[in-house]
Amino acid sequence: MKLETVNLEILKGISAQVVDGLDSDLSFCHPGITGINKIDPVNGTIVLEVRGDLSEDDLADLRNQAAKVVKMSIESFRFVEETSPLWHHRPSVAYNGNDSVKAFTELHMTTLGPGQYAYHGPANRLFIYFSNRINKIAQEMNAEGWFLPSIEMTNDLIPETGYFSSHPQLITFGYRLPPHYEKIKSFAETAKEKKLTAPEDCGILEPTGFILEPFVCHNIYRSLKNERIDGGRVISAQGKCYRYEGFRFSPLLRQWEFSMREIVLVGEHDFVVKTRQRGIELTQEMVSELDIDANLQIATDPFFVSTAASARTFQMMQSTKLELLLRIDDGKRTAAVSFNIHGKHFTTPMKIYDKDGVELETSCLAYGIERWMAAFIARWGEDPAKWPDFVGA
């Protein structure tokens, strides 16, 4: 690994909010980048961590790609002003911080691959606690409990809602060998002989028509296709989600495979807004109960930079997405819940109406269980003996 400095005049004077966006966008800039050492808005430089085996041509391409991503990322925030928290909870004691999170994950989690981790002992028990505690919020909202698959089709909701164009960097596609005897036999024999980890010719693979789901809620909307709903419905499910994060993988905080509880609201506009507010209040109660430092703020999704400007601006101006940011350390927070209002974004393609044929609206509350675990450990420390009794870990 070595450091590569990129000088860009456009960086000078950018806000902290834009710096955060750059950290995300640069994760998908070039395969030679392994990390970000520093973003300096004063001098207009980015110091990147890059692989040591890159050629001069590779480095030239890397610098070119970085310059394009930075330009697009900064322009995508051109109408967006920083906002103050809508609500804040201050903890009663000093934080243990990220060192405790690192110590805990080293003791009680095992890395199995990029962004994939096994939980054991206290980590498993803490995961169960937050799964149950967040499900309690769903129950208090009178949500129907559902179970859903962790893969989703790509031929219906995805093209209609534009997910591939807005978030292509996060997607994990599914491929399979073709149902052809000779091709399968040939691959099996070669795999045995050469101990393959993938086909030598990936061109023989065929799309399955599925991706690993990035959200739990998509399959709920599919399940409601052509429904006629009298009044409003609240539906909740917990599942595994998958988002590729480039070089940013970190246990609990940013995983390729992670767990999410979603509470989906379907109904008329007033029902959706009122019920979302009830969910926010119940979540605030949980924050106070756990005594975690938290900010509720207007937020945006991690749109791909080429399509980000209008989407980010719309979300910020309309407050369609709120996030609960939990403190991990000084200057470091993690988004542990998003409270989203979709309007008719999903009901239109899925043809979800009321009993009179009027198109309904949706909202979802999405809880990242592992991020709650990280914030809890940052607050209470890595030693389970010092945790509150009600956690039972």
Side-chain angles (χ1 to χ4, degrees), residues 20 23-24 27 34-37 49 88-137 238-261 283-295 323-338 366-393:
D20 289 341
D23 179 72
S24 172
S27 302
T34 59
I36 300 175
N37 182 274
E49 298 172 5
H88 182 74
H89 175 79
R90 299 184 186 280
S92 59
V93 299
Y95 251 56
N96 287 277
N98 199 44
D99 287 344
S100 284
V101 178
K102 290 181 178 179
F104 182 88
T105 57
E106 288 173 1
L107 283 170
H108 306 299
M109 294 175 63
T110 303
T111 301
L112 301 178
Q116 303 165 66
Y117 308 94
Y119 311 161
H120 40 83
N124 181 58
R125 294 197 295 274
L126 193 59
F127 175 84
I128 292 171
Y129 166 77
F130 274 107
S131 296
N132 292 335
R133 182 62 184 85
I134 295 166
N135 187 43
K136 182 182 176 183
I137 292 176
Q238 180 173 311
K240 292 291 186 181
C241 295
Y242 303 84
R243 298 180 193 174
Y244 181 67
E245 294 285 356
F247 56 71
R248 298 193 299 165
F249 291 124
S250 176
L252 296 183
L253 293 169
R254 203 169 288 280
Q255 302 187 174
W256 198 337
E257 177 180 328
F258 58 96
S259 301
M260 184 184 291
R261 162 73 61 182
T283 306
Q284 290 169 331
E285 290 176 11
M286 183 171 77
V287 168
S288 299
E289 172 188 310
L290 297 170
D291 198 32
I292 294 175
D293 189 321
N295 286 346
E323 280 185 342
L324 189 71
L325 304 177
L326 306 183
R327 179 182 170 189
I328 300 298
D329 219 328
D330 291 342
K332 182 176 183 180
R333 293 181 179 271
T334 186
V337 193
S338 62
Y367 297 78
I369 293 173
E370 284 84 357
R371 290 184 175 184
W372 279 96
M373 293 169 62
F376 177 87
I377 296 162
R379 160 62 178 87
W380 292 93
E382 71 270 26
D383 183 0
K386 297 180 180 178
W387 294 354
D389 292 339
F390 60 79
V391 173

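Since the model is a prediction, treat every value here as computed from it, not as a measurement.
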Q) Does the pair Thr111 and Gln116 meet the rule for a side chain to side chain donor-acceptor pair (under 3.5 Å), with working shown? A) CA-CA 6 Å; Thr111 301; Gln116 303 165 66; over 6 Å; no
Q) Taking atom NZ of Lys240 as the centre, does the number of heavy atoms from other residues, nucleotides or ligands within less than 6.0 Å exceed 12? A) yes
Q | Nearest non-hydrogen partners of Val101 and Ala374, listed with the distance | A | CG2-O, 3.4 Å
Q. Quick check: does any side chain N or O of Glu370 sit under 3.5 Å from a backbone N or O of Leu253, one acting as donor and the other as acceptor?
A. no
Q) Step by step, would you call Arg133 with Met286 a side-chain contact (heavy atoms from CB on, under 4.5 Å)? A) CA-CA 8 Å; Arg133 182 62 184 85; Met286 183 171 77; 3.3 Å; yes
Q: Take the angle between the ring planes of Phe376 and Phe130 and call it parallel below 30°, perpendicular above 60°, tilted in between.
A: perpendicular
Q.
Against Trp256, only a single residue in Tyr242, Phe249, Tyr117 fulfils ring-ring contact (aromatic ring centres under 6.0 Å, His included); can you say which?
A. Phe249
(Q) So which atom in Arg371 and which in Ala335 form the shortest heavy-atom distance, rounded to 0.1 Å? (A) NH1-O, 2.9 Å
(Q) Working to the nearest 0.5 angstrom, can you tell me the gap between Met109 CE and Phe127 CZ? (A) 10.5 Å
Q. Is a donor on one side and an acceptor on the other found under 3.5 Å between the side chain of Asp329 and the backbone of Asn98?
A. yes
**Q.** Shortest non-hydrogen contact between Met373 and Leu252, atoms and distance
**A.** CE-CD2, 3.8 Å
(Q) Determine whether Trp387 and Phe104 satisfy the following criterion, ring pair (Phe, Tyr, Trp, His ring centres under 6.0 Å), listing intermediate values before the conclusion. (A) CA-CA 13 Å; Trp387 294 354; Phe104 182 88; 5.8 Å; yes
Q: Return yes if a side-chain donor-acceptor contact under 3.5 Å exists between Tyr119 and Thr110, otherwise no.
A: no
Q | Closest approach of Phe247 to Thr34 (non-hydrogen atoms, all atoms of both residues) | A | CB-O, 3.3 Å
(Q) For the CD1 atom of Ile369 and the CG atom of Leu126, what is their distance to the nearest 0.5 Å? (A) 10.5 Å
Q) Looking at CZ of Arg90 and CD1 of Ile292, how far apart are the two atoms once the value is rounded to the nearest 0.5 Å? A) 16.0 Å
Q: Supply the atom-to-atom distance Glu285 CD to Lys136 NZ, rounded to the nearest 0.5 angstrom.
A: 9.0 Å
Q: Report the distance from atom CG of Asn96 to atom CG of Asp383, rounding to the nearest 0.5 Å.
A: 10.0 Å
Q: Could you give me the CA-CA distance, side-chain angles and deciding distance for His88 and Asp293, then say whether side-chain contact (heavy atoms from CB on, under 4.5 Å) is met?
A: CA-CA 8 Å; His88 182 74; Asp293 189 321; 3.1 Å; yes
Q) Step by step, would you call Ser131 with Gln238 a side chain to side chain donor-acceptor pair (under 3.5 Å)? A) CA-CA 8 Å; Ser131 296; Gln238 180 173 311; 3.3 Å; yes
Q.
Please give me the minimum heavy-atom distance between Gln255 and Ser250, naming the atom from each residue.
A. CG-O, 3.8 Å
Q.
Set out, in order, the CA-CA distance, both residues' side-chain angles and the distance that settles side chain to side chain donor-acceptor pair (under 3.5 Å) for Ser100 and Tyr95, then state yes or no.
A. CA-CA 10 Å; Ser100 284; Tyr95 251 56; over 6 Å; no
Q: Given side-chain contact (heavy atoms from CB on, under 4.5 Å), test Val287 with Leu324 step by step and report yes or no.
A: CA-CA 10 Å; Val287 168; Leu324 189 71; 3.6 Å; yes
Q | Point-to-point distance, once rounded to the nearest 0.5 Å, from CD1 of Ile134 to OG1 of Thr283 | A | 8.5 Å
Q | Lys102/Glu382 ion pair, N-O < 4.0 Å | A | no
(Q) Any donor-acceptor pair under 3.5 Å linking the side-chain atoms of Ser27 with those of Glu245? (A) no
Q: Quick one: closest heavy-atom pair of Ala336 and Trp372, and the distance?
A: O-NE1, 3.5 Å
(Q) Between Arg379 and Asp291, is the salt bridge (charged side-chain N to carboxylate O under 4.0 Å, His left out) condition met? List the steps. (A) CA-CA 8 Å; Arg379 160 62 178 87; Asp291 198 32; 2.8 Å; yes
